[in-house]
Amino acid sequence: MIRRRLVTLVPTVLGVVTLVFLLVHLVPGDPVDVMLGETANPADKAALRAELGLDRPLAEQYLGYLAGVARGDLGRSILYRRPVAELLAARIPATLELSAAALAVALILAVPLGVAAARRKDTAVDRGSLVASLLGVSIPNFWLGPLLVLAFSVHLRWFPVSGRAGWASLVLPAVTLGTALAAMLTRMLRSSLVEVLGAEYLTAARARGVGEGRVLWVHALRNALLPVITVLGLQMGSLLSGAVVTEAVFSWPGLGTLLLQAIHGRDYPLVQGCVLVISLGYVGVNLLADWAYRWADPRVRG
Amino acid sequence: MRGIATALRRIPGGRVFVLAAAGCLALLVAGAVLAPVLAPADPQAIDLDGTLEGPSRAHPLGQDRLGRDVLAGILYGGRVSLAVGFSVVGVSLVVGTGLGLWAGYRGGWVDEVLMRVVDILLAFPGILLAIALAGVLGPSLRNLIIALCAMGWVGFARLVRGEVLSLREREFVTAARVLGAGPVRIALGHLLPNLVGVLAVQATFGLAGTILAESTLSFLGLGPQDVPTWGGLLSQGVDYLLFAPHLALFPGLAILVAVLGINVLGDVLRDRLDPRAGPSGERP
Amino acid sequence: MGARVARIVSLAVALVAAGAMGCRTGPEPAAFRVGIESTPTTLDPRYAAGAHAVRILPLLFHGLLKADASGRLVPDLAVAWEQPDERTHVLRLRQGVRFHDGSELTARDVVATYRYVADPAHGCPAAGALEPLRSVEAPDPYTVVFRLKRVYVSFPSLLTLGILPQGLANRKDLGDRVVGTGPYRLAAFRPGEEIVLEAFPEHFEGPPALERIRFRIIPNATTRLLEIRSGGLDLLQNAVPPYSVRFLNRDPDLQVIVSPGTSYQYIGFNCEDPILKDVRVRRAIAHAVDRQALIRFALDGLARPATTLFPPEHWAHNPDVPTYPYDPDRARQLLDEAGYPDPDGPGPAVRFRLSYKTSTDKTANEVARVIAEQLGRVGIGVEVRSFEWGTFFSDVKRGDFQLMSLRWIGLRDPDVFHYLFHSASVPPRGANRGRYRNPQVDAWIDESRRTTDPERRRELYFRIQEAVARDCVYVSLWWLDNVVVLRRGYTGFEPLPGGEYTSLARVRPEGAP
């Protein structure tokens, strides 16, 4: 099982690295001219060309890039004049923090709401959660963010407007990022629970005299969580790419803002580094989600 | 998300919501189409004295940093969003369907290769690849469309390939083959008509997703710079939130209405056209 | 069941709220709060160099002399100042001046402070400038005698150095235990958070009206705006973005005081660049820039178009320097003359391309984009490149640029021309980043440093300014206005050219004596 998964992993990772490598070659015109400006010193341009290996044949460049990635050398940033890997390492914790907090927010919101909606199916609570979910997935998080800031930072002064400084500054960005996921999870959990609550074996458990509380929590929730975990794994992608936008809204110093700075500064080595790290992170998370699913689902394990 | 609107319609009061969403969407589209007639001012007209001013009689939704009218910006921005949406979905539909048909019907190495490519593209989270592409190609309308198409065709290809895999063993296909029809004829004449329903649904949801992606890229500064866009206005809103909240409120509202409305529409379509939807309207 | 869920949800909400509450600032003691953008690295007058440190120091320390609003030096701790000969300065001290620790100021404290700073081994920023000092003595408790190795006309500007008591002046790391003679003493120094000052009742000019001043460090501009609007700050000086001024004006709780300022913004050329070394090209660029439009667009009108480095209020300002009014036709003509014809007239093809480097600051970028557009109209293709401040600044110092824009703040003594335009002042030795070399200007600068006749010095400074303007070493853009946002109910704040907070000592609630 795991071996098979790993086998498909290798070409995927290779594909990701290849696409990232190709990014620099998609630049219209001469990438060195674009990065340094046409008016730059010819000596500097030649140096950069040599450093990036742009004067060598494509295949050689590709292998060189692969070798570099394998040993952790992602080149030098044009804007910061420091190794890309160093810049990435400095920013990863902030993005991880934000993503983890968003996930936590999503779970904290989704689990109680989903359970309540399933329990009180077709009542006002259920309807409310339905509308909330709909809005939650449709609202762009670069609108939600400013709205939350207007309400909670400007009017109520509870949280800072932007930046990363202490627990309070994590709240609004995490809520912004986690809302769409929360909406989706609420819905998934609710329908999953509804199905499970009506299943045969649960009726049997009730017939055996197991208490209502235990029935719900122990049997139903565990089974209901399985599809939720799958969805969670699938949605991590939008969480990660949503993090880029959320970081931009809140000036959160993570990989996302670094990527945007790199793009605007035409610092392609840094762009490549950011995209690579974020994508490989996503691949890794998917793998973890897959394992979590297999671990949680006794049928698959057996 | 998909089943939500459907479920909503079964609840009293939910229908109103759905109708309202559709109505607002219609207004937005009408506004975009009739922009030159409805806009109170030229969206590019600069008025430095009115920088960041809030709603007023001359400018019902306020003015941006350069004094340009926000209502005009939203109406014309709608044009950009709709144009990008339709072109990206159109191209993705054609390319994705073509590839999906070929891979699904042919099978073999063609299918393998296509699925590998799809896997690799899907290994990039969300619109990250689009951001990277648009970033590398440079901010412009054309590059925005290219970047979004690069991600857009995948959904169609996967869907069509899956459908074709199940359709090609059906009797009417085997019959056509026996009668001597070539693969192209079968694909276009027999398979394609059966795909119209799912394609319409996918295209509708794809349109919503594309508009959201377009406004995201514009927000990040990766969209067209010379024309007003919803995302571009919203990004000014974030910069000047304290004194010009109208810049954050109205463009965002437009995006919400458009995306929500189209998603609801897609759901309704799916109810009508997609044979695979379960009894509760929710998809697995 | 529902109860459990409700409990969990309310617990979560309570945790979040508690976290948020804990981070809200508590009820403020009656302090006057000033917002600043970054933390001063030190408040020790011997070592302080950053802009923010320099602005806060006058509240803690007095020097022998101080600069008034027009830049002239007037007595501060000194009551009399004589020059028995060209190389000797004798200053007589005020009597009865107390330090924050209660001891009385004597000449020995002055001597100790200057001796410490002048010693190159201590690494003080002013050590280089004090190199011509031969000796400093205290013949009696209230007299200080400075003897110089040679004539040094700028020496008096060094007499504004804050004085420490001799016990402390000999120590290296004072940290936050600084003691001075100023109207306030340092109560707390929390880097990254705030600096708290307390009124010093025995101040020789009388105790200040404000009991406590809190300098709150707030790097984010939006946050500063939020704070002053919501009552968390009482004063912001040159710390709000230009576009916000019109809105702050409408706030009934705030008064916005705009006054002509001295921060000088300019476009710098790399005079060694093959294209830019032709003065006609530089002049063409100067004519192509529409400063009025720029000021209106990027600064909301909060600046005066500049002609030279020193504004009209300054005694060394030369009102007759050559100027370059907005004249695109003249620009095109000059470029043609310089041998760069426009390949297609009004079409998009350009005569040549230049790079324009700037930092990531938003206003600087807006300005850069407009200038690029204006230069584009006369056929010059400009690529704006913005960099992280550190990278940008080091590029500029290395001469790795063609066009760039920067600002000089707090220019006071025209002796700075040596630092800016002398051929010996190419970085790292000075700030002649454009690598401007003009032997005649060098000669005038050298002479100005030796001449003691104030009229002759003024004449020399006039000639230097004229030459620099004629050679178009900088394109003078504007002098930024001082923008002070003060809570209503206070009066007495006067901005100084360098942005010093000195007048806070005289700020008082309205209606108070």
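Letters A, B, ... are given to chains in the order of the sequence lines, protein chains preceding strands, and every chain is numbered from 1. Remember, it's a predicted structure, so these values are computed and weren't measured experimentally.
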remark   = So, the part of B:Phe124 with a heavy atom under 4.5 Å from chain A: the answer is both
message = Nearest 0.5 angstrom please: A:Leu9 CG to B:Asp119 CG, how far?
response = 11.0 Å
inquiry  = Once rounded to the nearest 0.5 Å, what's the spacing between atom CD1 of B:Ile131 and atom SG of A:Cys274?
reply    = 11.0 Å
request  = Tell me, for B:Leu253 versus chain A, whether the close heavy atoms (under 4.5 Å) come from the side chain, the backbone, both or neither.
outcome  = both
key: For B:Ala123 against A:Val283, the heavy-atom pair lying closest together   = CB-CG2, 4.0 Å
ask   = Between B:Ile255, B:Leu220, B:Val238, which is the residue that forms a side-chain contact (heavy atoms from CB on, under 4.5 Å) with A:Phe142?
value = B:Ile255
note = Applying a strict 4.5 Å limit to non-hydrogen atoms, the region of A:Val249 in contact with chain B is both
query = Which bit of B:Leu234 comes within less than 4.5 Å of chain A, counting heavy atoms only: side chain, backbone, both or neither?
reply = side chain
key: Residues which pass side chain to side chain donor-acceptor pair (under 3.5 Å) with B:Glu53, listed by chain and number, not counting sequence neighbours   = C:Arg246, C:Arg250
task = Under 4.5 Å heavy-atom distance to chain B, tell me which part of A:Leu259 shows up: side chain, backbone, both or neither.
result = side chain
key: Options A:Pro11, A:Pro146, A:Ala248, ranked by heavy-atom pairs under 4.5 Å with chain B, top entry   = A:Pro146
inquiry  = Let me confirm one number: the CH2-CH2 distance from B:Trp230 to A:Trp143, rounded to the nearest 0.5 Å.
reply    = 12.0 Å
query = Which one, A:Val285, A:Leu240, A:Leu26, leads in non-hydrogen pairs under 4.5 Å with chain B?
reply = A:Leu26
query = What pairs of residues pass the ring-ring contact (aromatic ring centres under 6.0 Å, His included) test when at least one of them lies in residues 255-275 of chain A, not counting sequence neighbours?
reply = none
task = Would you sort out whether B:Leu133 and A:Leu23 count as a side chain to side chain contact (heavy atoms under 4.5 Å, CB included), showing the intermediate values?
result = CA-CA 7 Å; B:Leu133 275 174; A:Leu23 275 178; 4.2 Å; yes
message = What verdict does the side chain to side chain contact (heavy atoms under 4.5 Å, CB included) test give for A:Tyr282 and B:Leu128, after you've listed the backbone C-alpha separation in whole Å, the side-chain angles of each residue and the deciding distance to 0.1 Å?
response = CA-CA 11 Å; A:Tyr282 176 49; B:Leu128 183 70; over 6 Å; no
ask   = Relative to chain B, which segment of A:Leu260 carries a heavy atom at a distance below 4.5 Å: side chain, backbone, both, or neither?
value = side chain
request  = Determine, step by step, whether A:Ser138 and B:Asn263 satisfy the side chain to side chain contact (heavy atoms under 4.5 Å, CB included) criterion, reporting the C-alpha distance in whole Å, the side-chain angles of both residues, the deciding distance to 0.1 Å, and the verdict.
outcome  = CA-CA 8 Å; A:Ser138 307; B:Asn263 271 327; 4.2 Å; yes
request  = For chain B, find which of A:Leu280, A:Val154, A:Leu147, A:Leu150 contributes the most heavy-atom pairs closer than 4.5 angstrom.
outcome  = A:Leu150
ask   = Quick one: OG1 on A:Thr12 to CG on B:Leu122, what's the gap to the nearest 0.5 Å?
value = 10.0 Å
ask   = Heavy-atom distance under 4.5 Å between the side chains of B:Pro125 and A:Ser238, does that happen here?
value = no
key: Heavy-atom contact with chain A under 4.5 Å, split by part of B:Ser215   = both
request  = Just do the side chain to side chain contact (heavy atoms under 4.5 Å, CB included) check on A:Leu19 and B:Leu121 with the steps written out, would you?
outcome  = CA-CA 9 Å; A:Leu19 259 178; B:Leu121 281 181; 3.8 Å; yes
